[in-house]
Protein chains: 2
Amino acid sequence: MDHLEKRAKRWSLEEVREYLLQHDIRISAYRLKIFEYLINERTHPTAEEIYEVIKRDLPAISPATVYNTLRLFLEKKIVQLVSVEKNEGRYDATLSWHGHLKCLACGKVFDLHIETLKLDGLEGFEIFEKHLNLKGLCPECLKTKNFKREGKHG
Amino acid sequence: MDHLEKRAKRWSLEEVREYLLQHDIRISAYRLKIFEYLINERTHPTAEEIYEVIKRDLPAISPATVYNTLRLFLEKKIVQLVSVEKNEGRYDATLSWHGHLKCLACGKVFDLHIETLKLDGLEGFEIFEKHLNLKGLCPECLKTKNFKREGKHG
DNA sequence: ATACTATATTATAATCGTTATTAAATTATA
DNA sequence: TATAATTTAATAACGATTATAATATAGTAT
């Protein structure tokens with residue numbers, strides 16, 4: 001249920017390799033896997049979620065590698081940080097301007113297409129980043145009543 | 001340089017007291033001080049900044065009290081959390097819908113008036129919170145060149 | 001007022017996500 | 001192949017915040 005692009009084509013490992021090299025990032029098995037996961041799954045995972053997923057294929061991976069790799073990807077500007085929740089960093093390889101909505105029941109983060117945004121009083125400012133973050137409940141959770149009063153979920 | 005309201009009237013301690021009581025919050029010297037600071041200064045301070053400020057008048061205060069009080073204010077919904085930076089929580093007693101812009105050079109957080117925001121694909125969702133966070137440079141810092149390449153600042 | 005109860009506050013330890021450090025492993029280059 | 005540079009893993013450290021336990025304060029009932 002991606003609200004940005006109904007179904008983006010999957011990137012091959014060769015395409016990922018090309019993309020990393022183009023962005024001045026040396027290749028390693030971990031880097032290929034991590035970026036491939038981010039760009040193809042687009043679930044805005046946390047570092048820990050990425051660690052768990054990669055570990056299935058490459059059990060020797062360390063959490064530090066995931067953090068280092070994500071930091072590198074941020075520096076090279078091929079992923080963006082999503083901070084819907086203050087205490088959890090999530091990572092998104094889709095760079096086009098869009099918003100995020102976190103469902104407080106199931107924890108999923110959905111992409112939002114922004115039709116228009118007009119701001120007042122920005123004369124003289126220089127803007128580098130824009131982030132629009134919503135919190136609420138997704139249709140699935142509303143339907144299945146997957147929430148309590150004021151329900152929160154990691 | 002508040003871009004929301006040029007100059008909001010200051011709240012008296014008596015008004016703060018009333019407001020807290022109306023929101024089911026028992027009165028204490030710390031609570032009065034902390035809310036009075038948030039509502040009258042509107043600088044979106046961190047917990048640590050609040051701690052430093054209150055300590056000038058009430059040196060016995062503990063950081064835990066600031067955190068406890070802010071958590072209470074959040075629960076009672078009389079302040080909102082501003083998360084422009086993932087690693088720092090800031091607090092805002094202005095509840096009307098507005099955005100925030102953090103200057104990466106001086107660290108100040110400015111309020112933004114949002115003229116229009118239209119989103120696509122929200123049918124079936126229930127929205128509780130909306131946060132718009134920008135990062136950039138403020139006019140003052142741009143003028144005084146108070147920044148390096150890619151300058152960041154807490 | 002006095003005793004009793006509930007709440008607020010402090011000091012401190014613990015937690016969580018993340019970053020820093022260091023040594024070993026890997027990769028690139030001369 | 002030797003050498004240098006980079007990547008990785010294990011672990012310690014860090015910073016913001018939360019939990020814990022003991023004390024202080026405030027509210028209520030007698």
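A quick note: this is a predicted structure, and the numbers were derived from the prediction, not measured. Computed over heavy atoms, backbone and side chain alike; hydrogens, waters and symmetry mates excluded.
In this structure, the ring of A:Tyr51 has its center no less than 6.0 angstrom from the ring center of A:Tyr67. The aromatic ring centroids of B:His100 and B:His44 lie less than 6.0 Å from each other. You'll find the ring centres of B:Tyr91 and B:Phe73 outside the 6.0 Å limit.
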inquiry  = As a quick check of understanding, evaluate side chain to side chain donor-acceptor pair (under 3.5 Å) for B:Ser83 and B:Arg90, giving each step before the final call.
reply    = CA-CA 6 Å; B:Ser83 312; B:Arg90 293 176 172 275; over 6 Å; no
### Query
Going through the checks in order, is the side chain to side chain donor-acceptor pair (under 3.5 Å) test met by A:Asn133 and B:His131?
CA-CA 5 Å; A:Asn133 297 320; B:His131 301 278; over 6 Å; no
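Within 6.0 Å of the CD atom in A:Glu115, the count of heavy atoms belonging to other residues, nucleotides or ligands exceeds 12.
A salt bridge does not link B:Glu126 with A:Lys135: every distance from a Lys NZ or Arg NE/NH1/NH2 to an Asp or Glu carboxylate oxygen is 4.0 Å or more.
In this structure, A:Arg17 atom CZ and C:dT27 atom C1' are separated by 13 Å, rounded to whole Å. Rounding to whole angstrom units, NZ of residue A:Lys76 and P of D:dT7 are separated by 9 Å. Atoms CG (B:Leu58) and C1' (C:dT9) sit 12 Å apart, rounded to a whole Å. Rounded to whole Å, the distance from OH on B:Tyr51 to C1' on D:dT17 is 15 Å. Between A:Ile61 atom CD1 and C:dA25 atom C1' there is a gap of 15 Å when expressed in whole angstrom units. For A:Ile34 and D:dT7, the CD1 to P distance is 13 Å, given to the nearest whole Å. One can place NZ of A:Lys55 at 16 Å from C1' of D:dT8, the figure rounded to the nearest angstrom. What separates CD1 of A:Ile25 from P of D:dT8 is a distance of 12 Å, to the nearest Å.
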Table of protein N/O atoms under 3.5 Å from nucleotides 25-28 of chain D N/O atoms:
none

In B/S/- notation (B base, S sugar-phosphate only, - none; protein heavy atoms under 4.0 Å), nucleotides 12-22 of chain C written 5' to 3' is -----SBBS--
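Going from atom CD of B:Glu75 over to atom CG of B:Leu70 covers 11.5 Å, rounded to the nearest 0.5 Å.
Residues B:Leu104 and B:Val109 are members of separate hydrophobic clusters, defined by side-chain heavy-atom contacts under 4.5 angstrom among Ile, Leu, Val, Met, Phe, Trp and Tyr.
In this structure, B:Ser28 does not reach the C:dT7 phosphate: none of its side-chain N or O atoms is under 4.0 Å from OP1 or OP2.
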